[in-house]
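Notes follow the structure.
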There are 2 protein chains.
Amino acid sequence: MGGRITTDLIRGHTDTIILNILRQGDSYGYEIYKTIIALSGQQYELKEATLYSAFRRLEHDDLIASYWGDESQGGRRKYYRITEKGRENYEQNRKDWRFAKDILDKLIEGGLENVEK
Amino acid sequence: MGGRITTDLIRGHTDTIILNILRQGDSYGYEIYKTIIALSGQQYELKEATLYSAFRRLEHDDLIASYWGDESQGGRRKYYRITEKGRENYEQNRKDWRFAKDILDKLIEGGLENVEK
DNA sequence: CCCATCTACATTGACAGACATAGTAATATG
DNA sequence: CATATTACTATGTCTGTCAATGTAGATGGG
């Protein structure tokens with residue numbers, strides 16, 4: 001059996017997760033919500049409240065931009081598009097994640113044998 | 001060039017980090033503080049305020065226990081010892097970390113090609 | 001011997017992100 | 001026509017981290 005993903009394990013990664021999806025094409029709230037579940041192999045659900053507050057934060061910081069879709073054939077959809085600044089931010093976040101992963105491995109599983117105290 | 005470890009990337013891992021150190025032997029606040037810096041290769045500093053509030057939380061939850069060291073030769077030191085419950089908690093947290101790491105890799109770096117939308 | 005630095009522990013208040021909860025409204029389905 | 005699904009939003013709460021601050025003994029260089 002595997003483990004669980006708690007709130008704090010995901011914290012700080014939501015922006016990066018959203019940017020990763022948007023850098024591969026424009027999308028809207030509900031679709032992004034579903035995509036995250038699919039990407040995680042049904043193992044993680046980012047709550048809608050979290051998602052939409054992240055959209056506001058990202059838009060405020062000019063990492064994404066939004067526009068209303070064509071509403072002629074049905075319900076309104078607000079689409080999000082990643083900005084150039086957002087792409088740069090994503091690249092940095094990815095580096096940060098790889099870096100943090102290595103450090104966390106040492107901190108969580110590392111032995112103290114070769115660490116001077 | 002690497003990345004940076006922000007507050008949110010470490011959030012939720014401090015308890016596990018402390019338990020990893022204590023499962024390898026009793027220690028006290030300041031030594032644990034130094035050990036974390038050393039374990040991370042000087043890349044990460046867990047602030048003392050964070051550390052001491054974590055001690056309270058862990059002790060309250062019976063994951064660690066504390067005792068005052070021998071004060072005859074100098075300054076007082078409060079030592080911490082991991083409990084059996086703490087060891088079990090550590091093992092679960094380690095599993096959670098490995099699990100979360102895989103999911104996060106998919107969410108942060110994963111492509112949408114093979115994901116049904 | 002004095003002052004700075006290090007060791008060692010601790011508290012308080014502020015902040016930010018995630019989420020529970022609730023609500024609105026349109027479309028689709030049986 | 002009732003229910004589920006799609007789609008977006010607001011409000012308030014909780015928790016962990018950290019900045020700032022404080023106490024006090026030990027240590028070492030000038």
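Naming convention: chains lettered A, B, ... in sequence-line order (proteins, then strands); numbering from 1 in each chain. Excluded from the calculations below are hydrogen atoms, water molecules and symmetry mates; all remaining heavy atoms, backbone and side chain alike, are included. Note that the structure is a prediction, hence the values are computed from the model and not measured.
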According to a strict under-4.0 Å criterion, is [X] in side-chain N/O contact with OP1 or OP2 of [N]?
X: B/Thr7; N: D/dG16; answer: no
X: A/Thr50; N: C/dG17; answer: no
X: B/Lys34; N: C/dC6; answer: no
X: B/Arg11; N: D/dG16; answer: no
X: A/Lys47; N: C/dG17; answer: no

Between A/Ser53 (side chain only) and A/Ala49 (backbone N and O only), is there a donor and an acceptor less than 3.5 Å apart?
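Flag set: sc A/Ser53 to bb A/Ala49 pair under 3.5 Å.
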
Give a yes or no on whether the backbone of B/Asp61 and the side-chain of B/Lys85 come within a donor-acceptor separation of less than 3.5 Å.
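Yes, B/Lys85 side chain to B/Asp61 backbone: donor-acceptor pair under 3.5 Å.
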
Rounded to whole angstroms, how far apart are [atom1] on [X] and [atom2] on [N]?
X: A/Ile32; N: D/dA7; atom1: CD1; atom2: P; value: 12 Å
X: B/Tyr33; N: C/dC6; atom1: OH; atom2: P; value: 11 Å
X: B/Trp68; N: D/dG25; atom1: CH2; atom2: P; value: 13 Å
X: B/His60; N: D/dG16; atom1: NE2; atom2: P; value: 12 Å
X: A/Tyr30; N: D/dA7; atom1: OH; atom2: P; value: 7 Å
X: A/Glu45; N: C/dC19; atom1: CD; atom2: P; value: 9 Å
X: B/Asp15; N: D/dG16; atom1: CG; atom2: C1'; value: 9 Å
X: A/Leu51; N: C/dC19; atom1: CG; atom2: P; value: 10 Å

Can you tell me which residue among B/Lys78, B/Glu59, B/Arg56 is in a side chain to side chain donor-acceptor pair (under 3.5 Å) with B/Ser66?
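Single side chain to side chain donor-acceptor pair (under 3.5 Å) partner of B/Ser66 among B/Lys78, B/Glu59, B/Arg56: B/Glu59.
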
Describe the nucleic acid contact of B/Tyr28 in one word from base, sugar-phosphate, nothing, applying a heavy-atom distance below 4.0 Å.
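The answer is sugar-phosphate, as B/Tyr28 gets under 4.0 Å only of primed atoms, P, OP1 or OP2.
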
For the side chain of B/Tyr44, counting heavy atoms from C-beta on, which of C/dA10, D/dC18, C/dA20 is nearest?
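Among C/dA10, D/dC18, C/dA20, the one nearest the side chain of B/Tyr44 is D/dC18.
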
I'd like to know if B/Lys101 pairs up with A/Asp105 as an ion pair, taking the criterion as any Lys NZ or Arg NE/NH1/NH2 lying under 4.0 Å from an Asp or Glu carboxylate oxygen.
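Yes, B/Lys101 and A/Asp105 are salt-bridged.
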
Check A/Asp8 with B/Arg11, please: is the shortest side-chain N to carboxylate O separation under 4.0 Å?
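Yes, charged N to carboxylate O under 4.0 Å.
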
On the 0 to 90° scale, with breaks at 30° and 60°, tag the A/Tyr80-A/Phe55 ring pair as parallel, tilted or perpendicular.
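Plane angle under 30°, so parallel.
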
Name the orientation class of the two ring planes belonging to A/Tyr28 and A/Tyr79 (parallel below 30°, tilted from 30 to 60°, perpendicular beyond 60°).
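A/Tyr28 vs A/Tyr79 ring planes: perpendicular.
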
Residue met sooner reading DNA chain D from 5', once B/Leu46 and A/Gly29 are mapped to nucleotides:
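Checking each residue's closest nucleotide, the 5'-ward one belongs to A/Gly29.
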
DNA chain D-proximal residues of residues 52-59 of chain B, any heavy atom under 4.0 Å
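Of all residues in residues 52-59 of chain B, the ones placing a heavy atom under 4.0 Å from DNA chain D are B/Ser53, B/Arg57.
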
